[in-house]
**Student:** 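One structure is given below, represented as structure tokens, and several questions about it will come after.
Every chain is numbered from 1 and lettered A, B, ... according to where its sequence line falls, protein lines coming before strand lines. Note that these values count all heavy atoms, side chains included, but never hydrogens, waters or copies made by symmetry.
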There are 2 protein chains.
Amino acid sequence: MNEMEIFRALSDSTRRAVFERLASGEKNATELREGLNVSQPAISQHLAILKEAGLIRVRREGRNANYSVAPDGLEPLFAWLERYRSFWPARVERLQHLLKEMDQ
Amino acid sequence: MNEMEIFRALSDSTRRAVFERLASGEKNATELREGLNVSQPAISQHLAILKEAGLIRVRREGRNANYSVAPDGLEPLFAWLERYRSFWPARVERLQHLLKEMDQ
DNA sequence: GAAATACATAAGCGCATGCTTATTCAAAGC
DNA sequence: GCTTTGAATAAGCATGCGCTTATGTATTTC
């Protein structure tokens, strides 16, 4: 189940840090490693998990692996959250209400 | 960090099932256990983790422990998600745009 | 084509995690 | 008061996870 993979993928702080870095644009594995105090294989493994969860994607270019945030990769997370809309924070609930009005 | 706790708490399918059950209203530990194929201590441990993550709360009544979804317990999740607004699914992005217009 | 570079995979290790059974504790029922 | 019930805690165990070093595999560079 993809839903579970997303939660697990994001439950690790190093992976969230990697994901955060990708938010500013495409980066290769070496660039993503900079600053993070982990080995090269560790980054490679984290990237594999994020990719498996559908959160990022790779574009291979020669010997480089360029990673980027997968479009709509967070979609399953929102799909899950929608099931608990009645427990959303007030400001989000206000948004939801607005949308319904707009759709009518 | 609470953010991490939420992701970890929700990364387990049994805990998500418990949370899902609570969405329909307050339930005690025994009721939450029904159907789920785990021991009583297991449920108790899962509930402790969900509570620690701020997702649920307890109301003790005699020897019963009545659990319910914590109001705004998902707030940290939304706070995290907001940092990646540019990667939100299109339908959510539309909502965000609406809110900004309203606030002005 | 040999060396260097970028990355992935393999193997192994320590620790966290989720589970169980056993026990404890408090409230209810008789 | 003793038993039963609801729930938490303790202890122990198997498995999962994140990390490391070592090795493999392309691609680039000279």
**Student:** How many whole angstroms separate atom CZ of Arg8(A) from atom P of dT17(C)?
**Tutor:**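 Rounded to whole Å, this separation is 12 Å.
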
**Student:** With side-chain hydrogen bond (donor to acceptor under 3.5 Å, both in side chains) as the rule and sequence neighbours excluded, what pairs involving residues 35-51 of chain A come up?
**Tutor:** Arg15(A)-His46(A)

**Student:** For Arg15(A) and dG16(D), give me the distance from atom CZ to atom C1', rounded to whole Å.
**Tutor:** 12 Å

**Student:** Would you say the side chain of Leu55(A) lies within less than 4.5 Å of the side chain of Leu22(A), judging by non-hydrogen atoms?
**Tutor:**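 A side-chain contact is absent here, since even the closest heavy-atom pair is not under 4.5 Å.
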
**Student:** How long is the line joining CZ of Phe7(B) and P of dT17(C), in whole Å?
**Tutor:**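 In whole Å, dT17(C) P lies 16 Å from Phe7(B) CZ.
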
**Student:** Mind checking side-chain contact (heavy atoms from CB on, under 4.5 Å) for Ala70(A) and listing every partner two or more places apart, or none if nothing turns up?
**Tutor:** none

**Student:** Can you check whether Ser39(A) has a side-chain N or O nearer than 4.0 Å to OP1 or OP2 of dC19(D)?
**Tutor:** no

**Student:** Could you state the CD-C1' distance from Glu61(A) to dT28(D), rounded to the nearest angstrom?
**Tutor:**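 In whole Å, dT28(D) C1' and Glu61(A) CD are 13 Å from each other.
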
**Student:** Which residues in residues 17-27 of chain B have at least one heavy atom lying under 4.0 Å from any atom of DNA chain D?
**Tutor:**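 Nucleic-acid contacts, sorted: none.
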
**Student:** Figure out the CD1/C1' separation between Ile49(B) and dC19(C), and round it to whole Å.
**Tutor:**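 Roughly 12 Å, once rounded to whole Å.
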
**Student:** To the nearest 10°, give me the bend of the helix from dG1(C)-dC30(D) to dC30(C)-dG1(D), comparing the axes of its five terminal pairs at either end.
**Tutor:**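 One end axis against the other gives 10°.
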
**Student:** Just to verify, what does Phe78(B) make a ring-ring contact (aromatic ring centres under 6.0 Å, His included) with, not counting sequence neighbours?
**Tutor:**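 ring-ring contact (aromatic ring centres under 6.0 Å, His included) list for Phe78(B), sorted by chain: Trp88(A).
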
**Student:** Send over the distance from Glu5(B) CD to dT17(C) P, rounded to a whole Å.
**Tutor:** 10 Å

**Student:** List in chain and number order the residues that pass side chain to side chain donor-acceptor pair (under 3.5 Å) with Glu20(B), two or more places apart in sequence or in another chain; answer none if no residue qualifies.
**Tutor:**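 Checked Glu20(B) against side chain to side chain donor-acceptor pair (under 3.5 Å); matches are Arg83(A).
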
**Student:** Round to a whole Å and report the spacing from CZ of Arg16(A) to C1' of dG18(D).
**Tutor:** 14 Å

**Student:** Rounded to the Å, how far apart are Asp12(B) CG and dT15(D) C1'?
**Tutor:** 14 Å

**Student:** What are the two closest heavy atoms between Ala65(B) and Arg60(B), and how far apart are they?
**Tutor:** CB-NH1, 3.6 Å

**Student:** So, using side chain to side chain donor-acceptor pair (under 3.5 Å) as the criterion, who are the partners of Ser86(B) when residues are at least two apart?
**Tutor:**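 Testing Ser86(B) for side chain to side chain donor-acceptor pair (under 3.5 Å), a comparison that skips the adjacent residues, returns none.
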
**Student:** Under the salt bridge (charged side-chain N to carboxylate O under 4.0 Å, His left out) rule, what pairs show up with a residue in residues 30-45 of chain B, not counting sequence neighbours?
**Tutor:** none

**Student:** Please, which pairs that meet salt bridge (charged side-chain N to carboxylate O under 4.0 Å, His left out) have at least one residue in residues 61-76 of chain A, sequence neighbours excluded?
**Tutor:**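 Of all non-adjacent pairs touching residues 61-76 of chain A, those that pass salt bridge (charged side-chain N to carboxylate O under 4.0 Å, His left out) are Arg59(A)-Glu61(A), Glu75(A)-Arg91(B).
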
**Student:** Determine: side-chain N/O of Thr14(B) to OP1/OP2 of dC19(C), distance under 4.0 Å, yes or no.
**Tutor:**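 Looking at the OP1 and OP2 atoms of dC19(C), one of them is under 4.0 Å from a side-chain N or O of Thr14(B).
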
**Student:** Taking any heavy-atom pair under 4.0 Å as a contact, classify Arg33(B): base, sugar-phosphate, or nothing.
**Tutor:** nothing

**Student:** Could I get a table of every N or O pair under 3.5 Å where one atom is in the protein and the other is in nucleotides 6-8 of chain C?
**Tutor:**
from   : atom 1 : to       : atom 2 : distance (Å)
dA6(C) : O3'    : Arg63(A) : O      : 3.4
dA6(C) : O3'    : Asn64(A) : OD1    : 3.1
dC7(C) : OP1    : Ala29(A) : N      : 3.3
dC7(C) : OP1    : Ala65(A) : N      : 3.2
dC7(C) : OP2    : Thr30(A) : N      : 2.9
dC7(C) : OP2    : Thr30(A) : OG1    : 2.1
dA8(C) : OP1    : Arg60(A) : NH2    : 3.4
dA8(C) : OP1    : Tyr67(A) : OH     : 2.6
dA8(C) : OP2    : Ser44(A) : OG     : 2.7
dA8(C) : O5'    : Ser44(A) : OG     : 3.4
dA8(C) : N7     : Gln40(A) : NE2    : 2.8
dA8(C) : N6     : Gln40(A) : OE1    : 3.2

**Student:** Using the test ring-ring contact (aromatic ring centres under 6.0 Å, His included), find all partners of Phe19(B) that sit at least two apart in sequence or belong to another chain.
**Tutor:**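 Listed in chain order: Trp80(A), Tyr84(A).
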
**Student:** Once salt bridge (charged side-chain N to carboxylate O under 4.0 Å, His left out) is applied, do any residues pair with Arg57(A), and if so which ones, sequence neighbours excluded?
**Tutor:** none

